[in-house]
Protein chains: 2
Amino acid sequence: MLSTVTSQTPSLPAHDNPTVVRLFEAAADAFADKGFHGTTTRDIASRAGLSPAGVYVHFASKEDLLFQLSRVGHVAARDALAAAADEAASPTDALQEVISEFARWHAEQHQVARIVQYEFRHLSPEHQREVLTLRREIDAVVERIIAEGVASGEFDVDDTRSTALAALSLVVDVARWYHPGIKRTTPESIANSYGALALRLVGARRD
Amino acid sequence: MLSTVTSQTPSLPAHDNPTVVRLFEAAADAFADKGFHGTTTRDIASRAGLSPAGVYVHFASKEDLLFQLSRVGHVAARDALAAAADEAASPTDALQEVISEFARWHAEQHQVARIVQYEFRHLSPEHQREVLTLRREIDAVVERIIAEGVASGEFDVDDTRSTALAALSLVVDVARWYHPGIKRTTPESIANSYGALALRLVGARRD
DNA sequence: GTCTATACGACGATAGAC
DNA sequence: GTCTATCGTCGTATAGAC
């Protein structure tokens, strides 16, 4: 699961190392389940099949592990969104595709998504700043689509910025409530219904 | 701020005690800011002007403090919602009022709201169960309004349950991003725009 | 009901052998 | 690069004086 994400960002050299991949997976499991401060380095190490000291060969600190995870997660999400936006023929198509794709990502990668969205505050100030830059790129993709739809007359929106935030809120909250096996809900069904809901939020003319 | 919430639930006898109120406020500040496990009992105690030991006269444990805060917060939110729903003349009015009110609550009480929504998993299993009962009552208010609107023909909705979840997602996410002083956004403006957005989500016939 | 003092385990991180 | 052993600190919670 996580390897899908990491393989999309081969720029991180550490990803060639299977121990690092296991540490990423262990940390993603643990942070998503118990939160950053609820997770111990011993917990992560044992899930990855290492001694407590083994973590520090690959990461400078627990916070560094959270940061790398957040960064990789944001990059993967941003790239998936930008690709979806580029393929669309109109703002209406673009919004539906982008929100569908992002909703699917929040469900399929719900552990990473949860960390990305809810453990942000436990990053150091410098790391928060770096992640925030990536996050603004994601927000900008959605805002731009809505602005284009308003300009073309396809959308009817009061305030572009706050409507973009609302569409993203729908999607982000998936990471809070979704878990695999939840009743009659799959990443696929979420993707379908959330694309349509986003079109309603912007008052798209055709349904 | 918090005293507004607590005064709505005089059934909790401890609220007559100003030290307990100070502890609630200190814990709400700290938990909202740094999360449950990121907050120390020393931190809470000093914010409330007590020694570390002083907390345990009033609360059995740090988890107990989180539980009482979650419970009071849920009860306040549920009562505010139910009141808003009762005053409405139609499903359209009811949905707009309820979502407006709940969005306003998430902004005004964003610290308690954040704790209620994001620190839930750190409660003990028994306490999770108790809080979950209250949460289902909140969900049921929204679901019932949407079902009534579908029945009356005012709303056009695919799936009542998932649409209710989406409307609540919009609102819940306010607790993640809102903080006082955020650019051109007030609890009042959030309440207004979110009521309208919820009507769009359900395909309400009149805007 | 609040304090000072403290028990005692768990924490993140490091040292040094292999 | 991984281990065992451990350092120094801080965590929750309690004991007992006032």
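Lettering of chains follows the sequences in order, A, B, ..., and the numbering in each one begins at 1.
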Determine: side-chain N/O of B:Thr19 to OP1/OP2 of C:dT2, distance under 4.0 Å, yes or no. yes
Tell me the interatomic distance from B:Arg42, atom CZ, to D:dG11, atom P, rounded to whole angstroms. 6 Å
Looking only at the side chain of B:Ala53 (C-beta and beyond, no hydrogens), which of the listed nucleotides C:dA13, D:dT12, C:dT4 gets closest? C:dT4
What verdict does the side chain to side chain contact (heavy atoms under 4.5 Å, CB included) test give for B:Asp173 and B:Tyr178, after you've listed the backbone C-alpha separation in whole Å, the side-chain angles of each residue and the deciding distance to 0.1 Å? CA-CA 8 Å; B:Asp173 201 54; B:Tyr178 178 81; over 6 Å; no
Does A:Asp139 form a salt bridge (Lys or Arg N to Asp or Glu O under 4.0 Å) with A:Arg135? I'd like the steps, not just the answer. CA-CA 6 Å; A:Asp139 294 352; A:Arg135 186 168 300 193; over 6 Å; no
Nearest-Å distance for atom pair OH/P, residues A:Tyr56 and D:dT6: 19 Å
When rounded to whole Å, the CG to C1' distance for the pair A:Asp43 and C:dA10 reads 13 Å
Among C:dT2, D:dT2, D:dT14, which is the nearest nucleotide to the side chain of A:Leu50? D:dT2
What is the distance from NE2 of A:His37 to P of D:dT9, rounded to the nearest Å? 20 Å
How long is the span from the OG atom in B:Ser70 to the CZ atom in B:Phe120, to the nearest 0.5 Å? 8.5 Å
Backbone N or O of B:Ala88 within a donor-acceptor pair of the B:Glu97 side chain at under 3.5 Å? no
Atom CZ of A:Arg161 with >12 non-hydrogen neighbours under 6.0 angstrom: no
Given atom NE2 of A:His122 and atom P of C:dG12, what is their separation to the nearest angstrom? 13 Å
Quick check on contacts: within residues 58-66 of chain B, what sits under 4.0 Å from DNA chain C by heavy-atom distance? B:His58
Is there a donor in the side chain of A:His122 and an acceptor in the side chain of A:Glu119, or the other way round, less than 3.5 Å apart? yes
At under 4.0 Å between heavy atoms, what does B:Thr40 touch on the DNA or RNA strands: base, sugar-phosphate, or nothing? sugar-phosphate
Single hit among A:Glu108, A:His106, A:His110 for side chain to side chain contact (heavy atoms under 4.5 Å, CB included) with A:Pro187: A:Glu108
Roughly how many Å is it from CD1 in A:Ile44 to C1' in C:dG12, rounded to a whole number? 11 Å
Minimum-distance nucleotide to B:Val57 side chain [options: C:dG1, D:dT2, C:dA13]: C:dG1
Below 4.0 angstrom from OP1 or OP2 of C:dT2, is there any side-chain N or O of B:Ser51? no
